[in-house]
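I have placed the structure first, in the form of structure tokens, so that the comments after it can refer back to it.
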Amino acid sequence: LAWRSGLPGNSLILIGVTVGLMLTAATDVMLSFSPGIQAAETARFLTGGFAAADWPGVAWLTVAAAAGALVLGWQRFSIDRMDLGDDIALSQGVKVRRTRLVTLLATAGLVSASVSITGPLPFLSFLAGPIARVLTRQGGTVLAVSALPGAVLARGADLLPWAGCR
């Protein structure tokens, strides 16, 4: 939708939220028709967490994260320039279409790998990046720095129920 002078960013975000809510509703309907044990396991996965993670999965995730981080690190200059707008990025020699495609594929790979291990943890995507920007006091790409608040938030949220049980 946004590939070639498509929709403005705000419209694309609203469409994404709407489609996400519709898919969540469809998932809830399917869960209501599935057998009890299968529905419980699916619901547990959809809430996310580290309970089902194992070391082979963590090793696989580490390799996938390293590969994705290398690709996004290679694209850092272009991504930072695109933050200023397509016209400015083009004037500075950035191949906007290629950068969008590579960034999209690398990000989708990183998210898919992490979600396959932990399940979705949506609050991390909304908090880790802004926290990293506040910590570094800089604009642009903060991918490497956002990994630390993301890990702290995820682990803290995973340990929070244990702290309340004691």
*Find the distance between CG (Leu105) and CG (Leu110) and round it off to the nearest 0.5 Å.*
11.5 Å

_Can you give me the closest heavy-atom contact between Ser116 and Phe45, atom names plus distance?_
O-CE1, 4.4 Å

*Are Leu90 and Met82 in one and the same hydrophobic cluster, where Ile, Leu, Val, Met, Phe, Trp and Tyr link if side-chain heavy atoms are under 4.5 Å apart?*
yes

*asked:* Contact between Leu46 and Leu31 at the side-chain level, heavy atoms closer than 4.5 Å - yes or no?
replied: yes

*For Thr136, what residues pass the side-chain contact (heavy atoms from CB on, under 4.5 Å) criterion, not counting sequence neighbours?*
Gln138, Val142, Val145

*Can you sort out the partners of Ile79 under side-chain contact (heavy atoms from CB on, under 4.5 Å), two or more places apart, ordered by chain and number?*
Leu72, Gln75, Thr99, Thr103, Thr141

_Treating Thr107 as the side-chain partner and Leu104 as the backbone partner, does any N or O pair qualify as donor plus acceptor under 3.5 Å?_
no

*Do the side chains of Arg100 and Asp86 get nearer than 4.5 Å, heavy atoms only?*
yes

*Is the closest side-chain heavy-atom distance between Leu135 and Leu148 below 4.5 Å?*
no

_Separation between OG1 of Thr62 and CD1 of Ile117, rounded to the nearest 0.5 Å_ = 9.0 Å

*side-chain hydrogen bond (donor to acceptor under 3.5 Å, both in side chains) with Gln92: which residues, sequence neighbours excluded?*
Arg81

*Are Trp74 and Leu70 grouped together when hydrophobic residues (ILVMFWY) are joined by side-chain heavy atoms under 4.5 angstrom apart?*
no

*Which residue pairs satisfy the salt bridge (charged side-chain N to carboxylate O under 4.0 Å, His left out) criterion with at least one member in residues 113-128, sequence neighbours excluded?*
none

*Any chain of hydrophobic side-chain contacts (each under 4.5 Å) joining Val71 to Phe77?*
no

*So how far is it from Leu61 CG to Trp55 CH2, rounded to the nearest 0.5 Å?*
11.5 Å

*After noting the C-alpha distance and the side-chain angles of Ile131 and Leu153, does the key distance pass the side chain to side chain contact (heavy atoms under 4.5 Å, CB included) rule?*
CA-CA 10 Å; Ile131 291 172; Leu153 284 169; 3.9 Å; yes

*Return the minimal non-hydrogen interatomic distance between Ala64 and Ala113, and the atom names on each side.*
CB-CB, 3.7 Å

*So, does Ser112 use its side chain to make a donor-acceptor pair with the main chain of Gly109 at under 3.5 Å?*
no

*Nearest 0.5 Å please: distance from the CD1 atom of Ile37 over to the OG1 atom of Thr42.*
11.5 Å

*Apply side-chain contact (heavy atoms from CB on, under 4.5 Å) to Thr24 and list each qualifying residue two or more places apart in sequence or on a separate chain.*
Asp28

*Any residue meeting side-chain hydrogen bond (donor to acceptor under 3.5 Å, both in side chains) with Arg155, in chain and number order, not counting sequence neighbours*: Asp158

*asked:* Testing the basics here: between Val115 and Pro120, what is the closest heavy-atom pair and its distance to 0.1 Å?
replied: CG1-N, 4.0 Å

